[in-house]
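Numbering starts at 1 and runs along the sequence shown.
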Amino acid sequence: MANFIEEIIDKAIINKWCIMPDCTTCGASKFKANLVIASSKKTDLNFKEKTKIDFEDKEYIAPAFHHLKKDELQKIVEIIINELTNLNKTALKRHFSVSEGPYEIIIDQIKMSGKENFEKLKYYSVGTPFSQFINLANNP
């Protein structure tokens with residue numbers, strides 16, 4: 001099976017999903033939700049995509065990282081870390097030629113899930129093609 005992060009980013013680019021890390025309109029919710037959904041398929045969670053309305057009456061695509069229970073979030077983040085550290089150089093180059101946004105979004109979600117998760121990502125990324133991006137993200 002191919003790397004689901006590679007597949008989701010390819011799908012986001014092809015379908016022109018928002019992949020802007022600081023989007024104030026949609027928060028890149030479709031991209032983030034699909035990341036959670038794909039991750040959940042490698043666990044016992046198996047989330048489905050839903051459209052929801054937030055407290056400001058803005059529509060977003062769920063599930064959202066910040067709405068997950070702590071144990072669910074931890075499972076999702078661990079799967080994402082594994083996928084990131086198994087990305088190949090060709091996929092990274094292809095994606096970076098379009099935008100680094102998806103990777104910035106993913107790293108932001110990992111950072112928000114807890115410092116220990118970001119430290120795990122840095123540790124497991126050593127020696128992988130993704131490690132160069134982690135170094136850039138860690139030293140802006």
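Rounded to the nearest 0.5 angstrom, Gln132 CD and Lys89 NZ are separated by 6.0 Å. Remark: Asp10 CG to Glu7 CD distance equals 8.0 Å, nearest 0.5 Å. Distance CG/Asn88 to OG1/Thr128: 11.0 Å, rounded to 0.5 Å. Atom-to-atom distance recorded for Ile13:CD1 and Ile8:CD1 is 12.0 Å, nearest 0.5 angstrom. Distance check: Ser113 OG to His66 NE2 gives 14.0 Å after rounding to the nearest 0.5 Å. Atoms OG and CD1, on Ser39 and Ile76 in that order, are 5.0 Å from each other to the nearest 0.5 Å.
When side chains are defined from C-beta on, Lys75 counts as touching Asp44, because their heavy atoms get closer than 4.5 Å. For the pair Lys41 and Phe4, the minimum side-chain heavy-atom distance is 4.5 Å or more. For the pair Pro63/Val36, a side-chain contact is recorded, criterion being any heavy-atom separation below 4.5 Å from C-beta on. Using a 4.5 Å heavy-atom threshold, the side chains of Ile110 and Leu84 count as touching.
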Should Ile107 and Phe130 be marked as a side-chain contact (heavy atoms from CB on, under 4.5 Å) after you check the CA-CA gap, both sets of side-chain angles, and the distance that decides it?
-> CA-CA 11 Å; Ile107 288 174; Phe130 193 70; 4.0 Å; yes
Please test Ser131 against Val126 for side-chain contact (heavy atoms from CB on, under 4.5 Å), starting from the C-alpha separation and ending with a verdict.
-> CA-CA 6 Å; Ser131 66; Val126 172; 5.6 Å; no
Full working for side-chain contact (heavy atoms from CB on, under 4.5 Å) between Asn15 and Lys30 | CA-CA 11 Å; Asn15 294 307; Lys30 183 151 185 88; over 6 Å; no
Distance-only criterion, 3.5 Å: show the donor-acceptor pairs between side-chain atoms of residues 18-29 and protein atoms not counting sequence neighbours.
unit_1, atom_1, unit_2, atom_2, d
Ser29, OG, Cys26, O, 3.3
Ser29, OG, Ile61, N, 3.0

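In terms of hydrophobic clustering, with Ile, Leu, Val, Met, Phe, Trp and Tyr side chains grouped at heavy-atom distances under 4.5 Å, Met112 and Ile81 are assigned to different clusters.
Sorted by first and then second residue, the ring pair (Phe, Tyr, Trp, His ring centres under 6.0 Å) pairs with a member in residues 5-52 form an empty list; sequence neighbours excluded. Applying the ring pair (Phe, Tyr, Trp, His ring centres under 6.0 Å) test to residues at least two apart or on different chains, the pairs with a partner in residues 72-99 are His95-Tyr103, Phe96-Tyr103, Phe96-Phe133.
Listed for the Asn3 side chain is a donor-acceptor partner under 3.5 Å among the backbone atoms of Glu83.
Defined by atom type and a distance below 3.5 Å, a donor-acceptor pair is missing between the side-chain atoms of Asn117 and Glu78.
The two residues Glu49 and Ile37 come nearest to each other via the heavy atoms N-CD1, 3.4 Å. Scanning all heavy atoms of the two residues, the minimum distance from Ile80 to Ile5 falls at O-CD1, 3.7 Å. Minimum heavy-atom separation, Ser40 to Thr43: O-OG1, 2.8 Å. Of all the heavy atoms in Arg94 and Ser97, the pair that sits closest is O-OG, 2.6 Å.
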